[in-house]
There are 2 protein chains.
Amino acid sequence: MRKTGRKSDCPINYAMEIFGDRWTFLIVRDLMFKNKSHYNDFLHAEEKMATNILANRLQLLEENNIIIKEIDPTHGSKWIYSLTPKGIDLLPLLVEMIVWSAKHDKKTAADKAFVKKALTNREKLLQEINAALTAKN
Amino acid sequence: MRKTGRKSDCPINYAMEIFGDRWTFLIVRDLMFKNKSHYNDFLHAEEKMATNILANRLQLLEENNIIIKEIDPTHGSKWIYSLTPKGIDLLPLLVEMIVWSAKHDKKTAADKAFVKKALTNREKLLQEINAALTAKN
DNA sequence: CTGTATCCTTAGGGATACTG
DNA sequence: CAGTATCCCTAAGGATACAG
């Protein structure tokens, strides 16, 4: 599903061909900010995605090399999902998304702990990036 | 269309309920980076969105206060669309999206002028934000 | 627990015609 | 030019049952 070949080589379009749906970013959010890593964790997120949709999106994310699926060493459950470096690189994007929503939506601001966490990461990131830039010049 | 009420108050979810489709961000891209402002400009973008979809997305973006539609003073054409402050605030998000895609997709890097522009904006933005942060402390 | 498979309904969207 | 409207098909997705 979602396999009608590439419409352009624009970077925004590239991102939209992976993340252009209601659910995919929510899985990344759960992996990145909520320390979720198992199928059922994702399934029981507040937004209640259907099991067939979840399975499909996990597969697409794996195909796009954004997550990896490995055998859970604890064997409490069978599989464990985690972000690849490519997936981790989405952090600045997600942070900016959270910042934007928190600024422009009142209800969203209610999730204070989550937003705070993102903002903390943001400052840390900005420092790191800025340091890298100054080092380069 | 796209009106099944809010599933959660999570900021990522808020963003996805506006931008969680293939097309909406492409319109914002055209407004923000390609100096497009008329219906036909959007319609003739490389990705070839259908006219009914475009009309629907423009309306949703207007309802969400991300763009405004005004009478074109030149009257070369009737309407002119532009970003509101809320829309302009999407810049860091879009920039991070471009940066991510350019890093992880080879084809995308081909659109060099566009990526360069985003990176330039990014550095400028980071400087501004950093200045604001240092000023605050 | 981690999924697949199926059924069914609705939403997305391409093509195209039409209106002010 | 700036859209609306319609037709029609496909994809998305909710519910639920089932399998390893």
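- Listed pair B/K7 / D/dG13 fails the phosphate criterion, with no side-chain N or O lying under 4.0 Å from OP1 or OP2.
- Not counting sequence neighbours, the partners of B/H38 by the side chain to side chain contact (heavy atoms under 4.5 Å, CB included) test are B/D41, B/D72, B/S77, B/I80.
- Nearest nucleotide to the side chain of A/N40, out of D/dA2, C/dG3, C/dC1: C/dC1.
- Residues forming a salt bridge (Lys or Arg N to Asp or Glu O under 4.0 Å) with A/K86 (at least two apart in sequence, or on another chain): none.
- As rounded to whole Å, 18 Å separates atom P of D/dA2 from atom CG of B/N56.
- For D/dA12, the OP1/OP2 oxygens have no side-chain nitrogen or oxygen of A/R57 closer than 4.0 Å.
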Which pairs, protein N/O on one side and nucleotides 15-20 of chain C N/O on the other, fall under 3.5 Å?
residue: C/dA15; atom: N6; partner: B/N52; partner atom: ND2; Å: 3.4

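- Listed nucleotides: C/dG14, D/dG13, C/dT4. Nearest to the side chain of B/W23: C/dG14.
- In this structure, of C/dT4, D/dA2, C/dC1, it is C/dT4 that holds the atom nearest to the side chain of A/A55.
- Applying the side chain to side chain contact (heavy atoms under 4.5 Å, CB included) criterion to A/A15, with sequence neighbours excluded, gives B/M97, B/S101.
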Discussion item. B/K103 vs B/T108, test: side chain to side chain contact (heavy atoms under 4.5 Å, CB included). Steps then yes/no.
Written reply: CA-CA 9 Å; B/K103 178 169 179 186; B/T108 271; over 6 Å; no

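- Contact annotation: B/K48 side-chain N/O to C/dG13 OP1/OP2 distance is not under 4.0 Å.
- Note: CE (B/M49) to P (D/dA2) measures 16 Å, nearest angstrom.
- The side chain to side chain contact (heavy atoms under 4.5 Å, CB included) test applied to A/K78 returns no partner, not counting sequence neighbours.
- Minimum heavy-atom separation, A/E17 to A/S8: OE2-N, 4.5 Å.
- Residue-level contact check: B/Y81 touches the backbone only, with heavy atoms under 4.0 Å from sugar-phosphate atoms and none from bases.
- The side chain of B/K69 places an N or O atom within less than 4.0 Å of a non-bridging phosphate oxygen (OP1 or OP2) of D/dG3.
- Residue B/W79 places no side-chain N or O under 4.0 Å from the OP1 or OP2 atom of D/dC1.
- For B/L43, the side chain to side chain contact (heavy atoms under 4.5 Å, CB included) partners two or more places apart in sequence, or in a different chain, are B/Y39, B/N40, B/T51, B/L54.
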